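What follows is a short report on a single structure.
Being a predicted model, the structure only gives us computed values, none of them experimental.
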Amino acid sequence: MNNYTREDIIRLVEEEDVGFIRLQFTDIFGTFKNVAITPAQLEKALNNQCMFDGSSIEGFARIEDSDMYLYPDFNTFEIFPWRPQQGKVARLICDVYKADKTPFESDPRYVLKRALKEAENMGYTMDVGPECEFFLFHTDDDGLPTTISHEQASYFDLGPLDLGENARRDIVLTLEEMGFVIESSHHEIAPAQHEIDFRYAEALLAADNIMTFKMVVKTIAKRHGLHATFMPKPKYGVSGSGMHTNLSLNRNGENAFASRSDERGLSKEAYYFIGGIMKHIKAISFITNPLVNSYKRLVPGYEAPVYIAWSAKNRTPLIRVPSLNGSSARIELRSPDPSANPYLALAVCLAAGLDGIRNEILPPASVDCNIFEMTEGERKEAGIERLPGSLLEAAREFEKDEYIKQVLGADLSKKYIKAKTKEYAEYRGQVTDWELSRYLHVI
């Protein structure tokens with residue numbers, strides 16, 4: 001992690017011949033926005049004097065109080081390796097503040113900071129290791145994205161079967177140039193699907209890294225004439241893209257999830273954390289799986305979780321405990337997908353886990369068999385419930401969970417529910433190709 005001062009950034013911009021600085025921030029839906037400045041305006045920006053119109057960003061501010069300010073996080077300064085060497089382009093990730101110099105309560109980065117402060121008050125920090133999957137598709141003659149791929153590669157295949165190998169290599173090299181520690185990269189199960197895993201980090205840095213990762217993947221793919229998409233389920237009949245999220249808490253510099261006396265290597269706090277997530281997972285799904293399309297990934301038959309259970313022995317449940325212990329002890333939440341706003345997703349997961357610790361919520365017994373092979377009666381007898389089956393169902397679960405709503409805050413929760421129920425209503429009004437092929441010729 002960088003440890004830059006204001007003077008360091010001014011010096012780097014001059015020494016590296018930076019001609020353009022992007023002040024980046026994230027909207028409530030997890031999309032990077034930015035205000036671009038030249039070096040002449042850098043000191044003004046570093047003094048937190050860069051203003052923008054918050055009413056122009058959906059879900060941010062009313063037009064009556066739309067003046068908002070960008071407060072750069074100096075440690076996020078990075079130079080984009082893919083831009084020209086003369087007049088380079090750099091970026092700073094920013095927090096959003098109001099005109100009265102207080103944090104904007106609905107800024108996703110602030111929401112995560114607020115949750116991390118609660119964890120700190122309980123003596124914890126959280127580490128996060130995301131596993132981000134994506135597809136690389138061809139573009140059409142106008143450069144617009146398609147869902148076409150000529151390859152038929154699968155898990156861990158290599159070239160010439162893996163036609164995205166060169167693009168994936170360049171993505172990895174670019175990420176490393178920007179300070180990422182890449183642990184692995186490989187072709188995933190579906191044709192044109194890929195995964196790149198980078199080293200875990202403290203939660204705020206991890207969320208920043210996820211946003212940067214998605215930007216880099218899309219940028220480098222485009223330079224290869226490809227379109228990278230983090231859409232959870234872009235094609236019927238193949239596996240969708242997930243963002244399995246590895247979580248652990250630290251206390252006094254040691255892994256609070258580790259225990260030498262437990263058969264799975266987990267502490268009581270780890271079990272309580274699992275219990276808290278399972279208690280709130282239906283509401284959490286509204287944030288970790290935020291699209292209509294997200295719920296087309298969460299169906300049986302494609303390795304994505306459908307049922308609310310946990311296990312240390314198989315990969316079908318919602319939560320998996322990897323066979324590691326000691327300093328590596330962690331849990332893997334398998335339901336999130338890469339369309340999620342990472343700041344909000346990590347905030348609700350952390351808050352739910354802390355609720356479990358605070359109230360000593362033990363999870364039910366682990367389910368160590370393939371849940372998909374159980375009958376409905378067996379699942380009912382075991383008390384295994386399903387994740388929400390649609391965005392609307394998840395929205396209703398979120399509305400019922402007052403604890404998770406307060407993590408986002410009343411204003412952001414209201415705006416998010418309104419936007420997503422509108423999205424679902426628009427989806428319901430569409431006439432799809434499936435409906436036409438199924439009904440048009442017979443009715």
Would you call the rings of Y416 and F398 parallel, tilted or perpendicular if under 30° counts as parallel and over 60° as perpendicular? tilted
Would you say the side chain of I79 lies within less than 4.5 Å of the side chain of V89, judging by non-hydrogen atoms? no
Is the backbone of R320 close enough, under 3.5 Å, to the side chain of S311 for a donor and an acceptor to pair up by distance? no
Heavy-atom closest contact (C369 atom, M374 atom, distance): SG-SD, 3.8 Å
Can the ring centres of H227 and H138 be said to be less than 6.0 Å apart? no
Is the shortest side-chain N to carboxylate O distance from D8 to R11 below 4.0 Å? yes
S241 versus F135: any side-chain heavy-atom pair under 4.5 Å? yes
Does D100 use its side chain to pair, donor to acceptor, with the backbone of T102 at less than 3.5 Å? yes
Can H187 and E151 be counted as having a side-chain donor-acceptor contact under 3.5 angstrom? yes
Polar side chain donor-acceptor pair, D208 to Y343, under 3.5 angstrom: yes
Distance check, rounded to the nearest 0.5 Å: T174 atom OG1 versus R169 atom CZ? 10.5 Å
Between K113 and D95, does at least one N-O distance fall below 4.0 Å, as a salt bridge requires? yes
Could you check whether any side-chain N or O of E118 sits under 3.5 Å from a backbone N or O of A351, counting only pairs where one atom can act as donor and the other as acceptor? no
Applying side chain to side chain contact (heavy atoms under 4.5 Å, CB included), name anything that partners I10, two or more places apart in sequence or on another chain. R6, L42, E43, L46
Tell me whether K420 contacts the main-chain N or O of P290 through its side chain, where contact means a donor paired with an acceptor under 3.5 Å. yes
In Å and rounded to the nearest 0.5 Å, what is the OG1 to CG distance from T76 to L92? 5.0 Å
Should E435 and R438 count as an ion pair when the cut-off is N to O under 4.0 Å? no
Is there a donor-acceptor pair under 3.5 Å between the side chain of S248 and the backbone N or O of R330? no
For Y427, does the OH atom have more than 12 heavy-atom neighbours from other residues, nucleotides or ligands under 6.0 Å away? no
Test side-chain hydrogen bond (donor to acceptor under 3.5 Å, both in side chains) on D127 and N250 and set out the steps. CA-CA 8 Å; D127 284 339; N250 292 313; 2.8 Å; yes
Just wondering, do L12 and Y4 contact through their side chains at under 4.5 Å, heavy atoms? yes
Would you mind reporting whether F52 and V96 have side-chain heavy atoms less than 4.5 Å apart? yes
With a cut-off of 3.5 Å and sequence neighbours excluded, list every side-chain donor-acceptor pair involving residues 280-289.
unit_1: H280; atom_1: ND1; unit_2: D401; atom_2: OD1; d: 3.3
unit_1: H280; atom_1: ND1; unit_2: D401; atom_2: OD2; d: 2.7
unit_1: H280; atom_1: NE2; unit_2: D355; atom_2: OD2; d: 2.7
unit_1: K282; atom_1: NZ; unit_2: E385; atom_2: OE1; d: 2.7
unit_1: S285; atom_1: OG; unit_2: I281; atom_2: O; d: 2.8
unit_1: T288; atom_1: OG1; unit_2: I284; atom_2: O; d: 3.3
unit_1: N289; atom_1: ND2; unit_2: S335; atom_2: O; d: 2.7
unit_1: N289; atom_1: ND2; unit_2: D337; atom_2: OD2; d: 3.3

According to the interplanar angle, ranging from 0 to 90°, do the rings of W82 and F80 count as parallel (below 30°), tilted (30 to 60°) or perpendicular (above 60°)? parallel
Indicate yes or no: does E397 engage K400 in a salt bridge with an N to O separation below 4.0 Å. yes
Beyond-backbone contact of R386 with I308, side-chain heavy atoms, under 4.5 angstrom: no
Side chain to side chain, I93 and F32, heavy atoms closer than 4.5 Å: yes
Aromatic centroids of F257 and F273 separated by under 6.0 Å: yes
Distance-only donor-acceptor pairs under 3.5 Å for side chains of residues 16-28, two or more places apart:
unit_1: E16; atom_1: OE1; unit_2: K88; atom_2: NZ; d: 2.8
unit_1: D17; atom_1: OD2; unit_2: G87; atom_2: N; d: 3.1
unit_1: R22; atom_1: NH1; unit_2: N34; atom_2: OD1; d: 2.8
unit_1: Q24; atom_1: OE1; unit_2: R91; atom_2: NH1; d: 3.3
unit_1: D27; atom_1: OD1; unit_2: F29; atom_2: N; d: 2.9
unit_1: D27; atom_1: OD1; unit_2: G30; atom_2: N; d: 3.0
unit_1: D27; atom_1: OD1; unit_2: T31; atom_2: N; d: 2.9

Check E393 with R396, please: is the shortest side-chain N to carboxylate O separation under 4.0 Å? no
Does T316 have any side chain to side chain contact (heavy atoms under 4.5 Å, CB included) partners at least two apart in sequence or in another chain, and if so, which? N314, N370, I371, F372
Test item: Q41 side-chain N/O and T38 main-chain N/O as donor-acceptor pair under 3.5 Å: no
Is the backbone N or O of N209 less than 3.5 Å from a side-chain atom of T212, with the two atoms forming a donor-acceptor pair by type? no
Output side-chain donor-acceptor pairs under 3.5 Å for residues 214-221, partner residues at least two apart or in another chain, one line each.
unit_1: K214; atom_1: NZ; unit_2: P338; atom_2: O; d: 2.7
unit_1: K218; atom_1: NZ; unit_2: A228; atom_2: O; d: 2.8
unit_1: T219; atom_1: OG1; unit_2: M215; atom_2: O; d: 2.8

Do the rings of W434 and Y439 sit parallel, tilted or perpendicular, given the 30° and 60° boundaries? perpendicular
State whether the side chain of R334 and the backbone N or O of P317 hold a donor-acceptor pair below 3.5 Å, judged by distance alone. yes
Specify the closest pair of heavy atoms between A304 and R297, including all atoms of both residues, with the distance to one decimal. CB-O, 3.3 Å
Nearest heavy-atom neighbours spanning D140 and T146: N-CG2, 3.8 Å
Donor-acceptor pairs under 3.5 angstrom involving side-chain atoms of residues 196-207: please list them, not counting sequence neighbours.
unit_1: D197; atom_1: OD2; unit_2: S184; atom_2: OG; d: 3.3
unit_1: E202; atom_1: OE1; unit_2: L204; atom_2: N; d: 3.2
unit_1: E202; atom_1: OE2; unit_2: L204; atom_2: N; d: 3.4

Shortest non-hydrogen contact between A192 and F137, atoms and distance: CB-CE2, 4.1 Å
Pair E105 + R114, salt bridge at N-O below 4.0 Å: no
For Y69 and Y97, what are the C-alpha separation, side-chain angles and deciding distance, and is it a ring-ring contact (aromatic ring centres under 6.0 Å, His included)? CA-CA 5 Å; Y69 290 81; Y97 274 65; 9.3 Å; no
What are the two closest non-hydrogen atoms of T147 and P234, and how far apart are they? CG2-O, 3.9 Å
Any donor-acceptor N or O pair under 3.5 Å, side chains E332, T245: no
R223/D170 ion pair, N-O < 4.0 Å: no
Between Q193 and S239, the two heavy atoms sitting closest are NE2-O, 3.9 Å
